[in-house]
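The figures that follow rest on heavy atoms only: side chains count, while hydrogens, waters and symmetry mates do not.
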2 protein chains.
Amino acid sequence: MSERELRRNLSILTIGTVRELTLLTDRQIRYYEQQNLITPGRGKGGQRRFSLNDVDQLLAIRDFLDSGDSIKDIQEIFAKQHRKAQEKQDSESALRRSLQKEFAQIGRFGAR
Amino acid sequence: MSERELRRNLSILTIGTVRELTLLTDRQIRYYEQQNLITPGRGKGGQRRFSLNDVDQLLAIRDFLDSGDSIKDIQEIFAKQHRKAQEKQDSESALRRSLQKEFAQIGRFGAR
DNA sequence: AATATGTGTCAGGAAACCTAACATGATATT
DNA sequence: AATATCATGTTAGGTTTCCTGACACATATT
């Protein structure tokens, strides 16, 4: 994962600011967590800590609900997205591996 | 100001996460605010809200103090930085203005 | 009509944050 | 050496935010 993605995944926001950033109520935010649409971290005392990605996710949820999708629909949408991201990552690491082999060959015969 | 700079200036962090991100105590953070080294916003109930820029600033303060600078030194350093940033912005907007004039001339005589 | 869904609301309690004040070790000034 | 300043620790009392769990309710689905 890139530096940038790591930063976007840092759990740094409390539910209060997330509420302000998303215009959702905390009831809604907690409910969506309960439905496994987001999985915020927890601070020492047990308080939720959200990442910027969580905020994006919540905004997406809001849009999906507004346009008539149900929570279950959104769960499937997210599951599909996750599978695609996984496939992409898999194919990229496969590519990396095959490139490594290729370079290893070059190294063996052609180097210096 | 760019979109990116705006985002970096959003007041979204509570003192708790800032404490974790900077490894400072809240006593220190509040003291530096009192010394006008940072000026976090305030939430509805009066609680401090920090931006990512504030965090950067606090990390810088920590480094300066570690290397022997006093708070007053840091105040002057920041004041100098601020002056420079201001000058830069001034000269840039002056440049923009003069370019605009130039294009206006071209427009007057050379266009279509 | 009965059930499921998504959200509102309330209660009681815990955690986080606030300000103000006093304490203290280290360094600077007199 | 005595005193003052600086940066931070600590404590106290009060306010705000967040927590979970429960019940209520309007709307959609069966």
Side-chain angles (χ1 to χ4, degrees), chain A residues 10-79, chain B residues 10-79:
Chain A
L10 283 184
S11 293
I12 54 176
L13 303 174
T14 60
I15 202 171
T17 61
V18 172
R19 192 196 313 137
E20 291 167 14
L21 291 173
T22 61
L23 301 181
L24 296 166
T25 65
D26 29 1
R27 180 68 168 98
Q28 289 174 302
I29 297 170
R30 297 199 187 103
Y31 183 63
Y32 303 153
E33 176 187 10
Q34 203 180 336
Q35 302 301 313
N36 297 306
L37 294 179
I38 52 171
T39 49
R42 295 280 175 152
K44 269 198 343 189
Q47 303 198 192
R48 270 164 267 254
R49 290 295 179 85
F50 300 83
S51 69
L52 295 174
N53 274 334
D54 289 328
V55 173
D56 284 349
Q57 196 101 331
L58 286 169
L59 291 172
I61 293 169
R62 200 164 60 105
D63 288 347
F64 281 127
L65 287 174
D66 282 352
S67 39
D69 295 300
S70 73
I71 299 265
K72 284 213 168 125
D73 294 336
I74 301 175
Q75 286 168 345
E76 287 167 22
I77 292 168
F78 284 173
Chain B
L10 283 183
S11 294
I12 54 176
L13 303 174
T14 60
I15 201 170
T17 61
V18 172
R19 193 196 312 136
E20 291 167 14
L21 291 173
T22 60
L23 302 181
L24 296 166
T25 65
D26 28 359
R27 180 68 168 98
Q28 289 174 303
I29 297 170
R30 297 198 187 103
Y31 182 63
Y32 303 153
E33 177 188 10
Q34 202 180 339
Q35 302 301 314
N36 297 306
L37 294 179
I38 51 171
T39 49
R42 297 281 176 148
K44 268 198 344 187
Q47 304 198 190
R48 270 165 267 254
R49 290 295 178 83
F50 299 83
S51 69
L52 295 174
N53 275 335
D54 289 328
V55 173
D56 284 349
Q57 195 103 331
L58 286 169
L59 291 173
I61 293 168
R62 201 166 60 107
D63 289 346
F64 281 127
L65 287 174
D66 282 352
S67 39
D69 295 300
S70 73
I71 299 266
K72 284 217 168 120
D73 293 337
I74 302 175
Q75 286 169 344
E76 287 167 21
I77 292 168
F78 284 173

Between D:dC6, C:dC18, C:dA16, spot the one nearest the side chain of B:Tyr31, thanks. D:dC6
Taking the nucleotide of DNA chain D with the closest heavy atom to each, which residue, B:Gly43 or B:Arg27, is nearer the 5' end? B:Arg27
Less than 4.5 Å apart, side chain to side chain, heavy atoms only: is that true for A:Arg42 and A:Arg49? no
Please pick, from C:dA16, C:dC18, D:dT8, the nucleotide with the shortest atom-to-atom distance to any side-chain atom of B:Tyr32. D:dT8
Check whether any side-chain heavy atom of A:Leu65 lies under 4.5 Å from a side-chain heavy atom of A:Arg62, and answer yes or no. no
Nucleotide nearest B:Lys72 (side chain, heavy atoms from C-beta), chosen from D:dC6, D:dT20, C:dA16: D:dC6
Does some side-chain heavy atom of B:Gln28 sit less than 4.5 Å from a side-chain heavy atom of B:Leu58? no
Out of C:dC17, C:dT19, D:dT8, which has the shortest distance to the side chain of B:Gln47? C:dC17
Using a strict cut-off of less than 4.0 Å between a Lys/Arg side-chain nitrogen and an Asp/Glu carboxylate oxygen, indicate whether A:Lys44 and B:Glu20 qualify as a salt bridge. no
Between C:dG8, D:dC18, C:dC18, which one does the side chain of A:Gln28 approach most closely? C:dG8
What's A:Arg42 touching, base or sugar-phosphate or nothing? Going by heavy atoms closer than 4.0 Å. sugar-phosphate
When you measure from the side chain of B:Ile15, which nucleotide among C:dC18, C:dG8, D:dT8 comes out closest? C:dC18
